[in-house]
Amino acid sequence: MSNDATTDELVKMLRDILQKMVKLNASDLHLKVGSHPVFRIHGALQPDPSYPKMTREMMTALVERLVPGPLKENLKRDGAVDFGFSLDANNRLRTNAYLQRSNYSIALRRLGYEHLGFEQLHLPPIITTIAEYKYGMILLTGPTGCGKSTTMAAILNHINTHKQCHIITIEDPIEFIHRDINCLIDQREIGIDTRSFEVGLRHAMREDPDVILVGEMRDQETVNIAIRAAMTGHLILSTTHTISAVQTVNRILKFFPVETHPAIRSDLTLALKAVLTQRLIPGADGHSRVPAVEVMIVNEMIRKLIREDRIEDMIQVIRNRVDDMQSFDQSLYDLVQQKLVAPETAIEYAEDPAAFRRNLLGGFAGTDRSSLVGSF
């Protein structure tokens, strides 16, 4: 394609690339000046030389065409912007356009609608119980690209299928589009429908919600409003970029001045119901990725530890599988037993590879070294 290709030709080429992305089951697509389109397939980056290298003019034209009007000022001001668009009824793309070395690049993540059932996603059975909570705060955590959006969409899909309630989502950007099944669902996008998570959440409280999804806990005020909402009978779903339940609780506390931590910990014991921490592991079939999920249920033992500022001790309760909790390595062990993950892969990804290798031979022994459960 020549440098002076029309925008319509560029859009036609992009649609062809995106359709190939679906065919290849690629999770991500990267477009960058001077490079062929690059797919991420099963975690690995693969350039596709069957398409031309992107030029500065091509990228500028695509950004002009793809970025929604209300967000173009954000791109100029911040050098990056998030938005979403649908390829078809089954595939939506979470998109980020950004500047690098004064040129535009675009990163697109495919969000498939084909499998939003808990079993199809290989999520732990306890997630069905968690999705049926009537109130409180459920936090889904993990690094970027760990499948949080898909798991959250599956939870909303379960609620939408099994309950009759009003769901409000506040997202940056809107990722999965949810149609009304048994619930009334309103989805609001940051920068288009509302200014920020804080503003959207504050207004949501006046819109008769039963369930509120907050795309991410980013600041003190959003966390504070979410805790209050969870304590007053609403179900709050949100995410953080943390890698364990312990780190998640500590991150929430860090949003607030140290002198307020006792009060915040007390509020958390009333508001927080569960923390799910997820990472994607290469599947045994060599083609898929499977979620390994640490699960913390906020029961009386966890509440006691939060109140007493013994946050680090929570992992011992989790490892004892009380109330169907599980550590990350215990989740890996279960995936190996289900033949979803190969033993050598699980050892590679385990938090404690040596202990994990031993446990593969004899199963997970009790790990309550501090006798927290027995002395509770």
Side-chain angles (χ1 to χ4, degrees), residues 21-22 24-30 38-46 84 90-96 107-127 130-131 138-158 175-176 215-216 237-245 247-248 274-296 318 325-353 356 360:
M21 181 185 187
V22 174
L24 294 172
N25 196 28
S27 61
D28 299 84
L29 168 66
H30 295 272
V38 178
F39 296 110
R40 186 180 290 278
I41 303 174
H42 309 311
L45 293 177
Q46 298 184 18
N90 295 318
N91 291 280
R92 186 166 172 82
L93 296 141
R94 184 180 70 199
T95 308
N96 183 282
L108 304 99
R109 168 154 296 171
R110 186 170 68 92
L111 305 164
Y113 288 80
E114 299 94 337
H115 305 294
L116 286 180
F118 297 148
E119 288 187 11
Q120 293 95 324
L121 294 172
H122 304 299
L123 293 166
I126 186 62
I127 200 166
I130 292 171
I138 300 168
L139 295 178
L140 182 58
T141 79
T144 300
C146 71
K148 294 191 298 293
S149 297
T150 302
T151 298
M152 191 68 82
I155 293 173
L156 278 188
N157 185 64
H158 182 89
E175 299 189 327
F176 289 82
E216 185 181 345
L237 309 173
S238 192
T239 70
T240 65
H241 290 285
T242 48
I243 59 171
S244 69
Q247 190 182 101
T248 299
V275 178
L276 306 172
T277 302
Q278 182 168 304
R279 305 177 208 172
L280 288 180
I281 310 300
D285 59 8
H287 302 293
S288 62
R289 291 194 292 171
V290 184
V293 187
E294 179 192 77
V295 178
M296 184 182 80
I318 293 170
M325 297 189 224
Q326 62 184 27
S327 69
F328 178 74
D329 283 2
Q330 287 166 337
S331 176
L332 276 178
Y333 179 82
D334 291 346
L335 294 174
V336 171
Q337 297 303 109
Q338 297 168 48
K339 301 188 185 306
L340 293 171
V341 172
E344 58 272 19
T345 302
I347 292 169
E348 178 185 350
Y349 281 83
E351 292 185 330
D352 187 341
F356 190 88
L360 278 179

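The residues of the chain are indexed from 1 along the displayed sequence.
Tested against Val341, the residues Asp285, Ile281, Asp334 include a single side chain to side chain contact (heavy atoms under 4.5 Å, CB included) partner, Ile281.
Residues Pro291 and Thr151 fail the side-chain proximity criterion, which asks for heavy atoms closer than 4.5 Å. With a 4.5 Å cut-off on side-chain heavy atoms, Thr248 and Met296 do not count as touching. A 4.5 Å side-chain heavy-atom check between Val293 and Ile127 finds every atom pair outside the cut-off. Annotation: side chain of Glu294 is not in contact with side chain of Thr141 (no heavy-atom distance under 4.5 Å). Side chains of Arg110 and Asn25 form a contact here, defined as non-hydrogen atoms less than 4.5 Å apart. Using a 4.5 Å heavy-atom cutoff, the side chains of Leu116 and Thr150 are in contact. Contact annotation: the side chain of Phe176 never approaches that of Arg92 to less than 4.5 Å [non-hydrogen atoms, C-beta and beyond]. No side-chain heavy atom of Gln247 sits less than 4.5 Å from a side-chain heavy atom of Thr277.
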Audit row: Asn91, Met21, side chain to side chain contact (heavy atoms under 4.5 Å, CB included) steps and yes/no | CA-CA 10 Å; Asn91 291 280; Met21 181 185 187; over 6 Å; no
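Across every non-hydrogen atom of Ala346 and Leu332, the tightest pair is O-CD1, 3.6 Å. For the residue pair Ser327 and Gln330, the shortest heavy atom distance occurs at N-OE1, 2.8 Å. The two atoms that bring Met152 and Leu140 nearest to each other are N-CD2, 3.7 Å, heavy atoms only. Closest approach of Leu280 and Gly147 over heavy atoms only: CD1-N, 4.0 Å. Taking all atoms of both residues into account, the shortest heavy-atom contact from His241 to Pro143 is ND1-C, 4.3 Å. Of all non-hydrogen atoms in Ala342 and Ala284, the two that sit nearest each other are N-CB, 3.8 Å.
Ala131 meets the side chain to side chain contact (heavy atoms under 4.5 Å, CB included) test with Phe118, Ile155, His158; sequence neighbours excluded. Looking at residues two or more places apart in sequence or on another chain, you find no salt bridge (Lys or Arg N to Asp or Glu O under 4.0 Å) involving Glu348. Taking the side chain to side chain contact (heavy atoms under 4.5 Å, CB included) definition, one finds that Pro282 meets it with Thr345, Tyr349, sequence neighbours left out.
No donor-acceptor pair closer than 3.5 Å links the side chain of Gln326 to the backbone N or O of Ser331. Put simply, the side chain of Asp329 gets close to the backbone of Asp352: a donor and an acceptor are under 3.5 Å apart. Checked by atom type and distance alone, the side chain of Glu175 never pairs as donor or acceptor with a backbone atom of Arg94 at under 3.5 Å. A donor-acceptor pair is defined here as one N or O able to donate and one able to accept, closer than 3.5 Å; no such pair exists between the side chain of Lys148 and the backbone of Ser238.
Between atom CG of residue Leu111 and atom CG of residue Leu93 there is a gap of 7.0 Å, rounded to the nearest 0.5 Å. For the atom pair CD1 (Ile41) and CG (Leu29), the distance works out to 10.5 Å, reported to the nearest 0.5 Å. Residue Leu360 holds its CG atom at 5.0 Å from CD1 of Ile347, rounded to the nearest 0.5 Å. Atom-to-atom distance recorded for Ile138:CD1 and Leu237:CG is 5.0 Å, nearest 0.5 angstrom. With rounding to the nearest 0.5 Å, the separation of SG in Cys146 from CZ in Arg289 is 9.5 Å.
For Gln120, the CD atom is densely surrounded, since the number of other residues' heavy atoms within 6.0 Å is greater than 12.
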